[in-house]
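First listed ligand is number 1; within each ligand, the first listed atom is number 1. Note that the structure is a prediction, hence the values are computed from the model and not measured.
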Amino acid sequence: MTTVTTGDDGFDRERFEQEFAAEARKIGRINIALFGKTGVGKSTLLNAVFGKDVTATGSGAPVTRGSRLHIHKDGFLGIIDNEGLEIGKDSADILGDLRDLIEVNRAGALADQVHLAWYCVRANDHRFEDTEADFVRGLAELGVPVVLVLTRALKTPAGDIHPETLEFAAYIESLDLPIVDGRVVITSAIGDPPMGFGEFGLQELLDCSFRAAPDGVQVAFVAAQQYDLERKAHEARKAIAAAVTAATAAGATPIPFSDAAVLVPIQIAMMVRIANLYDLGLQRSTALAITATTFATQAGRSLVTGLMKFVPGVNVAAMAISAGVAGAITYGMGEAWHLISRRIASGELDAAILADSEQLGRVFLEEFKRASASKLGKLPPSS
Ligand SMILES: Nc1nc2c(ncn2[C@@H]2O[C@H](COP(=O)(O)OP(=O)(O)O)[C@@H](O)[C@H]2O)c(=O)[nH]1
Ligand SMILES: [Mg+2]
């Protein structure tokens, strides 16, 4: 028997933390091998797409003994790089090390495999050597999908990608290399604001990479990247819909009304899923969950009490409403939790609000009430 220490606010911290960690493990990791000369903009690209340069945080463990490849792991992302080695001169060594890495992990967990390579060339270099083409072919032969990225690209004053860059891309594409979609992705990770243009090409880079990455790491990729928040929202909505369905089914069985608003396992599962999709981290998610639960429990209770006035003493009707209410409350929880998660990821909620649980609670509550009421309004009238 499981004892759930639901106090008045119904929050079981230990359980939440365990579920959070279990969900993070389940999501796994995407590993990207990153290649390109020093200064082409690899770190800047990582920052723009993942919100951090994982290679900058510590040296990363050597892949195998004596290997010149390094794997930097951070949450849902692993970056493999060849710091200090030169494509061309050291190609055989790099490919050999990568082959070792792939062989060692072939039978192992998906989270330890190499899922994708980004081969970066500075757009302005206008040079793509035979040794680089050979290297790209070598990567593809190892079974790693290669996205060929032109970095630090420039735009004309009219806002078009520089014609010479387009020519350079067309030249590389004419080589018929085994690259994803057969095409080159032209990017600028930070743009050049004084020159009048911002970042571009990152959405294409992500779309192309998502198409090439194995199914089993798609969610890790969604969680790791911080550029395309709509991908996160899409997954979060699926989690909310699943929880609402499950809660509605659970609500149809006679649960005590006092429990309708507390954090049932369905709601915890939904919350840890969404928090992980937005990569909020354990500590922050736990603190948020405490606030959310406190406010939702109060609101849920008054919602249920209000509804009960309309069905005095009719047990069957009460149970039917209970199913709808369980779904509506779960929907309200999900939408409010999602709103907070999304605003944190987009930087709309600053540290001051996050530290102020009253203020945060009000944001949560407003969305909770709006969403659960919209769901309740769609319930068939009870007879
Ligand atoms: N304007 C502009 N500068 C960039 C861009 N990407 C990188 N840089 C600059 O190029 C330099 C080298 O970038 P970095 O990311 O450190 O290259 P890495 O050695 O490949 O990791 C830095 O000064 C960056 O600010 C870009 O998209 N636009
Ligand atoms: Mg760097």
Atom 22 (C) of ligand 1 has as its nearest protein heavy atom Thr44 OG1, 4.6 Å
Is any side-chain N of the basic residue among Arg231 and Asp207 closer than 4.0 Å to the acidic one's carboxylate O? yes
Is it true that a side-chain atom of Thr248 and a backbone atom of Gly324 form a donor plus acceptor pair closer than 3.5 Å? no
Ligand-side contact atoms (ligand 1) for residue partner Ser43, heavy atom cut-off under 4.0 Å: 15 (O), 18 (P), 21 (O)
Test item: Asn105 side-chain N/O and Leu101 main-chain N/O as donor-acceptor pair under 3.5 Å: yes
Quick check: closest heavy atoms across Thr165 and Ala153, and the distance to 0.1 Å? CG2-CB, 4.3 Å
I'd like to know: is the Mg ion (ligand 2) within the 2.8 Å range of an N/O/S atom from Thr44, strictly under that distance? no
Looking at side-chain heavy atoms only, is the closest gap between Thr286 and Glu17 below 4.5 Å? yes
Considering heavy atoms of the protein only, find what lies nearest to atom 1 (N) of ligand 1 and give residue, atom and distance to 0.1 Å. Gly191 O, 2.9 Å
Once you measure the plane-to-plane angle for Phe210 and Phe221, does it fall in the parallel (<30°), tilted (30-60°) or perpendicular (>60°) bin? parallel
Considering only protein heavy atoms, which is closest to atom 27 (O) of ligand 1, and at what distance to one decimal place? Ala189 N, 2.8 Å
Which of the numbered atoms in ligand 1 are below 4.0 angstrom from a heavy atom of Lys37? 20 (O)
Is any side-chain heavy atom of Ile87 closer than 4.5 Å to one of Lys37? no
Which ligand 1 atoms does Thr38 reach within 4.0 Å, using its non-hydrogen atoms? 19 (O)
Among all protein heavy atoms in this structure, tell me which lies nearest to atom 17 (O) of ligand 1, with the distance rounded to 0.1 Å. Gly41 N, 3.1 Å
Closest non-hydrogen protein atom to atom 20 (O) of ligand 1, residue and atom name please, with distance? Lys42 N, 2.8 Å
Do you see a donor-acceptor pair shorter than 3.5 Å between the side chains of Gln113 and Asn31? no
With a 4.0 Å cut-off on heavy atoms, is Thr151 touching ligand 1? no
Ranked by distance from atom 4 (C) of ligand 1, the top protein heavy atom is Arg152 NE, 3.7 Å
Are the aromatic rings of Phe135 and Phe35 close, with centres under 6.0 Å apart? yes
Could you tell me the residue and atom name of the protein heavy atom closest to atom 12 (C) of ligand 1, and the distance to it rounded to 0.1 Å? Gly39 O, 3.7 Å
Any idea which protein heavy atom is nearest atom 26 (C) of ligand 1, and the distance to it? Ile190 CG1, 3.4 Å
